[in-house]
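The structure appears right after this line, and notes come after that.
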Amino acid sequence: MELASKYDPRAIEEKWYQFWLDKKLFHSEPDNRVPYTIVIPPPNVTGVLHMGHMLNNTIQDVLVRRARMQGKNACWVPGTDHASIATEAKVVKMLAEKGIDKRSLSRDEFLKYAWEWKEQYGGIILKQLRKLGASCDWDRTAFTMDDVRYESVIRVFVDLYNKGLIYRGVRMVNWDPQALTAVSDEEVVYKESHGKLFYLRYYVADNETSSHQDSETARSLEVSKSQKYIVVATTRPETIMGDTAVCVHPEDERYQWLRGKKVIVPGVGRVVPIIMDEYVDREFGTGALKITPAHDINDYNLGMKYGLESIDIFNDNGTLNEHGGKYAGMDRFACRKAIMKDLEEAGLVEKTEDYTNKVGHSERTDAVIEPKLSAQWFLKMEGLAKKALEVVEDDTIRFHPAKFKNTYRHWLENIKDWCISRQLWWGHRIPAWYLDVNGRVETIVAHNEDEAKKIATEKYNYTGALRQDEDVLDTWFSSWLWPISLFDGIRNPDNPEINYYYPTADLITAPDIIFFWVARMIMAGEEYRKDVPFKNVYFTGIVRDKLGRKMSKQLGNSPDPIELMEKYGADGVRMGMLLTAPAGNDLPFDEAICEQGRNFSNKLWNALRLVSGWQIGDAQQSAENAVAVQWMEQRMAQVIEEIEKDFDQYRLSEALMASYKLAWDDFCSWYLEMVKPAYGTPIDRETYDATISIFSRLMLLLHPFMPFVTEEIWHALQTIGKDDEKAAFINANFSIMNQHMPTSVFYDQRMLDEFDTAREVIAGVRNIRNTRNLSPKEALEVSFIAVDDRYRFANFNGIVQKLANVSAINEVKEKPAGAISFMVGTMECFVPMPENVNKDEELKKLQDELKYAEGFLNSVLKKLSNEKFVGGAPAAVIEKERNKQRDAETKIAALKAQIAALS
RNA sequence: GGGAGUAUAGCUCAGCUGGUUCAGAGCGCCUGCCUUACAAGCAGGAGGUCACUGGUUCGAACCCUGUUACUCCCACCA
């Protein structure tokens with residue numbers, strides 16, 4: 001059968017993926033083999049594949065495929081994440097486009113829309129992963145909100161609550177007054193904004209009784225201009241209604257006189273204490289800070305520390321509430337203007353400056369974020385963090401690259417309790433119910449409403465309606481259970497699956513979620529399995545564009561992965577990504593590198609074309625071919641050893657590069673050229689079989705990286721020249737996927753060294769041809785003087801003759817007259833060519849070489865004459881230096897002789 | 001502001017325990033080739049003061065000091 005000269009991945013990739021699915025080759029069930037488990041970092045259920053996924057999943061697939069071929073029971077579990085914030089935002093937007101306001105819907109109505117959305121768009125990304133060749137066990141596909149996972153989350157919440165690790169508390173959240181929801185820190189974007197810095201006078205209240213006076217009296221005090229005051233700088237004068245203290249640095253000499261005093265909030269008349277705390281930056285403004293505990297996170301912390309009152313002056317929509325006094329009902333920004341006007345008039349403003357600072361805006365609505373106190377659920381971190389840190393510190397879990405240990409440690413040592421509630425509807429609703437008993441609100445945490453009702457009856461003798469908490473859990477509160485919940489290890493902690501597959505082997509993820517996800521999975525693992533969730537964490541880099549910018553939708557600098565795969569083939573794109581992606585390094589993505597991958601597929605394809613065209617003759621194997629096969633075997637064993645080492649250290653790009661060079665350079669450029677029969681002549685059976693075998697094993701080595709082209713070629717090689725057996729072979733489930741990965745074996749280093757010499761001789765001859773414009777068809781002669789057995793290459797004589805088109809190779813004692821020379825180690829090689837020798841050129845070349853050799857010898861001699869070196873360096877090192885000396889001396893003598901002969 | 005990291009060829013990176021002729025690889029570039037598998041190819045070649053500075057050592061790309069530049073993470077200044 002004729003093969004096209006260009007490899008076309010499209011049909012081939014589709015064919016084999018379907019084949020693998022049909023034969024259920026990705027499916028895993030517990031058995032006697034060693035398990036190798038990877039759980040996918042679940043992408044957002046409504047997301048689409050981007051370059052980050054491509055990288056991440058390619059790496060997972062490489063590891064899984066390799067493990068499978070190593071005879072392990074490989075199981076890669078796919079799934080998606082409900083991604084509460086992102087998904088809810090998308091649904092809200094979709095509804096808005098239809099003219100539906102989320103606030104007009106009931107929770108159930110909204111969730112119905114959300115589920116519809118999920119059914120429609122959910123899982124697109126998993127389909128896309130198939131194009132990439134991902135060998136996931138699709139039968140196990142999970143979703144963080146499917147029944148098993150939902151129930152697992154609820155159980156864990158109840159369990160942790162009962163253990164006293166979950167509590168409800170008040171915390172400052174980022175409030176979006178437009179969307180009327182709290183948003184996470186990640187959804188706040190800080191923007192430079194030009195505002196003003198207002199300097200306000202806070203008069204000292206001398207009369208101690210003034211703190212109990214009504215505001216009328218206070219206001220009359222305030223107009224008494226004879227009194228002293230302190231000036232406070234603020235960007236947000238509208239919040240002074242919530243001021244409950246003024247803070248200065250305890251060592252600030254300017255304000256020592258205020259120690260223990262009280263001041264009057266301008267325009268408000270409230271008398272508040274002066275407090276002293278080192279938090280204050282003396283350099284900023286006037287070194288005095290007004291404290292508004294309800295509306296600033298730092299003020300809130302100081303308020304807690306000094307037991308200050310917290311006065312919330314805003315409504316949820318950003319207008320002032322009843323605490324705003326005359327400004328009540330006014331928008332916060334309108335209020336800012338109004339209040340400044342009033343203060344100016346009252347003479348309470350010292351000055352106003354232009355000021356640029358960063359103001360948090362909501363990523364979604366662009367509204368200015370208002371810090372707001374609200375009740376939230378928290379998970380205590382202390383005990384969990386301690387264990388999670390230990391297992392990484394003692395290398396029970398290894399990070400690749402290890403530098404991320406530092407980041408991890410730093411975070412865990414400064415960890416705060418985890419706020420696990422979110423004011424959203426899409427997610428796992430918090431299983432807490434409230435009831436009023438004798439005017440008090442009681443909380444019941446239960447697995448479901450029925451259980452809650454039962455508890456209400458038993459504990460409080462209450463049979464009325466229960467009110468469930470409106471919030472849902474942070475998305476990470478389900479993903480942290482992922483390695484356990486995927487195998488139902490929360491609900492059924494002793495089931496055969498969890499016992500077999502857990503702990504998983506490797507986790508492949510991006511470093512930006514080391515805290516959100518990695519650390520928390522480790523905590524959950526320790527808490528619910530008393531064991532780590534994985535043994536290695538491979539941190540991928542971030543995919544950037546050529547200019548080093550992060551890929552993003554806004555910039556439009558992200559190529560569409562599907563289009564890329566159509567252009568270069570999935571194998572080409574996989575290889576392109578892996579070649580530039582050492583662990584933990586950012587990856588400046590350039591389409592050109594996928595081209596390299598495509599070219600490589602094509603190279604392999606053409607090697608198949610070559611081999612499949614060979615006719616087999618009756619001749620005995622020639623000595624040259626026998627040597628070629630032997631050498632290729634040695635070389636392959638050597639590279640396999642390298643590859644194994646690379647994989648052990650998770651250096652995937654190095655492993656791929658080594659395989660690439662083995663296939664392209666050693667196999668195609670050298671080996672195939674060595675054994676390739678002349679046009680029209682057959683090849684001997686022995687060499688042919690060896691070539692098929694080597695080629696096949698090469699495909700095995702490459703298969704984890706380039707699954708499609710290797711399966712195609714491997715199949716072709718097994719059935720080459722046996723068209724009638726092809727169908728049966730395919731039906732028999734034979735796949736490269738379940739072949740055994742070649743392992744390293746002993747190899748003969750001397751043979752490899754000898755070939756290197758031969759290769760240099762070949763290169764030397766080719767170079768002479770090249771520089772002198774000699775046709776490759778014109779056979780040349782080579783002679784050499786070998787003073788050192790290390791540089792003999794007798795076994796490769798025939799090969800040198802074939803590849804360099806040399807008619808004869810002679811060992812000589814003296815340099816032949818009229819020859820061009822070159823050196824390989826200490827061996828002098830000559831190509832007799834009297835008519836072509838340019839004496840001056842030759843002389844210059846030789847003299848340059850001599851100069852270098854002499855310089856080199858000098859440095860070696862210097863070392864060897866240094867007593868401290870001879871005394872201090874290891875014997876092996878000294879021996880090496882002696883060898884260098886001998887080699888250099890030999891070479892210098894040879895060069896001098898040549899120079900003498902020429903001149 | 002706190003923490004971590006990086007700096008080697010035009011680009012992206014290796015260089016492991018300081019010691020081979022150590023200054024490497026891939027891509028790119030240059031030259032010559034449509035040589036019966038492959039121009040998505042073949043052969044050959046040029047490219048670097050290992051950021052800078054001082055030190056340790058018989059010996060430094062590698063260890064230490066400082067400087068500079070960049071990157072990332074965390075916190076965020078009224």
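So you know, we letter chains A, B, ... as the sequences are listed, proteins then strands, and number each from 1.
Interface remark: the A:Glu673 side chain does form a donor-acceptor pair with the B:A37 base, using a distance-only criterion of under 3.5 Å.
Among B:A37, B:A78, B:G44, the nucleotide with an atom closest to any side-chain atom of A:Thr235 is B:A78. When each of B:G44, B:A78, B:A40 is scored by its nearest atom to the side-chain atoms of A:Asn602, the top-ranked nucleotide is B:A40. Minimum atom distance to the side chain of A:His410 is reached by B:G3, of the listed B:G3, B:A37, B:C77. The side chain of A:Leu610 sits closest to B:A37 out of B:A43, B:A37, B:A78. Side-chain proximity of A:Asn606 to B:A78, B:A37, B:G15: nearest is B:A37. Here B:G26 is the nucleotide among B:A78, B:G44, B:G26 with the atom lying nearest to any side-chain atom of A:Tyr660.
Taking the C1' atom of each, B:A61 and B:U8 are spaced 7 Å apart, rounded to whole Å. Look at the P atom in both B:C29 and B:A40: the space between them is 13 Å, to the nearest Å. For the C1' atoms, the distance linking B:A9 with B:G15 amounts to 14 Å, nearest Å. Taking the P atoms as reference points, B:C11 lies 27 Å from B:G19, given to the whole Å. Straight-line distance between the C1' atoms of B:A60 and B:A43: roughly 38 Å, to the nearest whole Å. Atom name C1', nucleotides B:C30 and B:C73: the rounded distance is 44 Å, in whole Å. Only the P atoms considered, B:U71 is 14 Å distant from B:U12, to the nearest whole Å.
The residue A:Lys777 sits apart from the nucleic acid: no heavy atom pair falls under 4.0 Å. Using a 4.0 Å heavy-atom criterion, one finds that A:Glu654 contacts the sugar-phosphate atoms exclusively. A:Tyr355 comes within contact range of the sugar-phosphate backbone alone, with a heavy-atom separation under 4.0 Å but no base atom that close. Residue contacts for A:Arg598: at a heavy-atom cut-off of 4.0 Å it reaches a base atom on one of the strands shown. Heavy atoms of A:Trp664 sit under 4.0 angstrom from primed sugar atoms or phosphate atoms, though from no base atom.
RNA chain B is contacted by both A:Asn406 and A:Val860; A:Asn406 maps to the nucleotide lying nearer its 5′ end (nearest heavy atom per residue). Comparing A:Asp512 and A:Lys290 by the nucleotide of RNA chain B that holds the closest heavy atom to each, the one mapping nearer the 5' end is A:Asp512.
Summarising the geometry of A:Ser659 relative to A:Leu702, their closest heavy-atom pair is CB-CD2, 3.6 Å, with the distance given to 0.1 Å.
No donor-acceptor pair closer than 3.5 Å links the side chain of A:Asp646 to the backbone N or O of A:Arg651. Between the side chain of A:His295 and the backbone N or O of A:Pro293 there is no donor-acceptor pair closer than 3.5 Å.
Here B:G47 is in the syn range [glycosidic angle within 90° of 0].
Under 3.5 Å, the side chains of A:Gln638 and A:Glu642 contain no donor-acceptor pair of N or O atoms.
Dashed line: the shortest gap from a side-chain N or O of A:Asn298 to OP1 or OP2 of B:A78 is not under 4.0 Å.
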Going through the checks in order, is the ring-ring contact (aromatic ring centres under 6.0 Å, His included) test met by A:Phe404 and A:Phe399?
CA-CA 7 Å; A:Phe404 287 109; A:Phe399 284 178; 7.6 Å; no
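Look at CD1 on A:Ile542: it is 13 Å from P on B:U71, rounded to the nearest Å.
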